[in-house]
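Written below as C-alpha cells is the structure these notes are about.
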Amino acid sequence: MLAEDNHIIELFFNRDERAIKETSDKYGVYLKKVAENILNQTEEAEECVNDTYFHAWNAIPPARPEKLPAYLARITRNLAIDRYRQKHTVKNGSGQVALCLDELSECIGNKETVIEDKIVLSDALNVFLRGLNKKQRDIFCLRYYYFMDIEEVAERVNASKASVKMSLHRTRKSLRIFLESEGITL
Amino acid sequence: MKNNEILLDALNDIDEALIIDIDYKGQKNRRKWPYYMGALIVVIIAFILLIPYMILKNPHGAYGRLNVRAGTTISEGSEQFPSKVWFENYKAEIYREDEIIGEDSLIVDLNDSLTLPVYRNQGDVIREGIGWGISLYLTEEEINSIVDRTVKILGIKEVNRKVEKVLNFPGGKSDLFSNEIQDIVAECENDITVTVVRDGTIYMHYIKPHYVETPDAGKNADSSDSNQELIKKLNGEYQMMIGMRNSVWYYAPNEYWNESERGVYYVFEDSGSAREKVVNRYLYYAALCVDSDNSLARLSIHNYFCCSEYMGDYPIITLDAARQLLYDGHYYTSCEHYIKSTPISEKDIIKADIVYLTRGQEFYQPYYKFYVELDKDKVDINAIGKVYGAFYVPAVESEYISDYYQFVNRLTHIGTVKIEKPDMVFPDGDFIVYSDDIIKVNDGAWSAFFYVRTCTQSLTGV
C-alpha cells in the first residue's frame, strides 16, 4: 500500500526519514524515468534521483508542495539538466534533450542569449500554456518538460505520432508569435 | 547560454498546475513475469482468433494505422467553434429525384442519443476559415508506409513511384506550400495506381474489372436485385481488405456528375450504436466507384480520424428545430440561386439526413442535410422528374457555435465579377479568388454560384 502524498509531506515536516523511503517507493520509478529521458543513462539517472530526495529533504519544510510528483519532477529535471550540461558543453546530438533543444530553436532561436529577464520569460510561458487546450499543453509538457520521445508522448495522449508532431510544431509556432508579441527578444 | 537553453530552464518554473500528471505505476520490486506471461497468453489467443481473418483475404494484415480511432473515450465538449461550410469541387450539389433514396433512418436512430462528436481538422490547409481542399498532414515517411502496405495487400507489382507536389495542383502558386508534398503515387502493373494523400486517404484505381450483369445497378440500391448482387460481390471481395467486419453498404448518387462513373457504393462499419453509425458513415468509410462498363474504377478508403482532433461530444438540436432554421433561412447551400420558392417550406423537402462534411472543413461537425426541391428551369440539367439541392443546417446547439448566424444575409447576389488575378488555378482552367470574406469562382461550363458565409457571387463569362 503506497502512502498518500499528504502523509509523505507530513513525514518530511516531521523530519522522519521514512519520508525518503515512502517517496522512493511511490515515485522512484517515475523520477528515474524523468532523469533517464534527459541523461539517457541509467546509473546517472539513479544518482540524480537520490540527489532529488536529498534536495527534497532540505526543501521540505518550509516548502509544502501542492502536487508532490510535479514538485519532485521539477527537482529531478533541474538536476538532470545540470548534469547534462556538465557532460555536453557542446551539443553532441544524442538524447532527447539535444532533440528538444533543436526543436525549441524554432521558437526562440539558438543564439547566445539575449534574453535578460528570465522571470518575464517564465511568466510569459505560464500565460501561453494556460491559453492552450489541455491536450496541446500536455503534449508540450510531456515533450519539453519530461523530455519524452515522440512515440511515448503519442502513447500517453492516445494519438498518432504524426498528430503529436503536428501539435508540437503548431505550439512552437504559436509560442514564437506569442513571445514576439510579449516583446521578448529572440 | 543559448536562447533555447534558457527556454528549457524557464520551463522548469512553470506553474505546477499546468504540468500533466504522468502515471507512475512501475514499482521497484514489481514482479514483471506475470505481466509478460499474461500478455503472451493474450497474444496467442488473439493470434488463434485472427487466423481465419488473416488468411481469408488479407495475408499481410489490415491497414493498421487506418484503424486508429480518435476519441475512444467519450467526453462532453465545451469549446465553441465556428460553423461554416466549404463546398468541395465548387459545384452546386444537385440531385435527380431517383437518386434520393432511403428513409431518414439515421435521424430516427439518433432520437434517444442527441449528442454527436465534433473534431478539429488538423490536416487541411484552412485560410480564413476556408478550406483549400489540400491536406498537408502526414509525413512523407508515413505516406510511403501506407503506399507500401496497400501495394502489398493488393498483391501487385509496383513499377514506379512518384511524389507529387502541391505545385502541380490548385493553390500551387502559393509560396506557403508550393513545394509541399501533395500525395505519393505508386504506378503498378496492369495500369493500377495507388495514390495516398496526406490526410491518409488511399485511392486505388482500376484494381480489376467486374463483369456483373447489372443493367439497372446504381439506380436504387434498396430495390434493385442486381444492385444487391453487385454489392454482395464487392462485399465478398473487399470487405476484409478494407478491414471491416460488420459492413453496411449503401449507394449514393454521383453528385459531381462525372458521366464515366456510374455510381458510388459506400461501405462503413456498423459498430452498433447510432452515434458510431453516423460517425463511421462519414468519417471512416470506403467508397467503391463502379464505371459505366461495370468495372471497379476506383476504391478509396477514407479515415478522417487520423488527421483530426476529437473535441468532445456536443448536444444536437432536433430535426424539427433544424427544419425551422431552414424555413427561417439559416442554412448553407451551394444552390441558393436555383431555389423554387422562398421561403422554403415543408412541401419543398423530400428528405432529411444527418451528415458530417469533411474535406476542406475546418471542423468536422454534424449538419442536418435537407433535400430541397429546386426550380428545374433554372438548373441546366438533363433530368426526368424533379431536382433537389442540398441545404445544410448546423446540428450542434447554437450556444456552442461561435458564428452561428453570420450567414443570414446570404442572398446578396451581385452578379458577374471580373477576376484579375486568381489565387488558385485548376488544370482544366477553372479558378478561384479569395478576398476577405468572399470567394469568387469561375466554374467553366457550370457558371457556378458559390456561397460562403455572408456572400453570394455569380460569375459567368469571366
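Numbers restart at 1 for each chain; the letters A, B, ... are given by sequence-line order, proteins then strands.
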Query raised in the report: Using a cut-off of under 4.5 Å for heavy-atom pairs, which of Arg137(A), Lys33(A), Met148(A), Lys32(A) has the most such pairs with chain B?
Result: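 Max contact count across the listed options: Arg137(A).
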Report task. Among Arg130(A), Glu66(A), Lys135(A), single out the residue with the greatest number of heavy-atom pairs under 4.5 Å to chain B. Result ->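 The option with the most such pairs is Arg130(A).
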[X], part contacting chain B, at a heavy-atom distance under 4.5 Å:
{"X": "Asn133(A)", "answer": "side chain"}
{"X": "Arg74(A)", "answer": "both"}
{"X": "Leu175(A)", "answer": "side chain"}
{"X": "Phe140(A)", "answer": "side chain"}

Before accepting this row, confirm whether a basic side-chain N of the pair [X]/[Y] lies closer than 4.0 Å to the acidic partner's carboxylate O.
{"X": "Asp138(A)", "Y": "Lys134(A)", "value": "yes"}
{"X": "Glu152(A)", "Y": "Arg156(A)", "value": "yes"}
{"X": "Lys26(A)", "Y": "Asp5(A)", "value": "yes"}

Query - Ser122(A) to Ala10(B) - nearest heavy-atom pair and separation - result: OG-O, 3.5 Å
Query - Close aromatic pair by centroid cut-off 6.0 Å: Tyr304(B) and Tyr119(B) - result: no
Requested in this report: Pick one of side chain, backbone, both or neither for Arg198(B), based on which atoms fall under 4.5 Å of a heavy atom in chain A.
Outcome: neither
Query raised in the report: In terms of heavy-atom contacts, does CD of Glu17(A) have more than 12 from other residues, nucleotides or ligands at under 6.0 Å?
Result: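 It does not: Glu17(A) CD has 12 such atoms or fewer within range.
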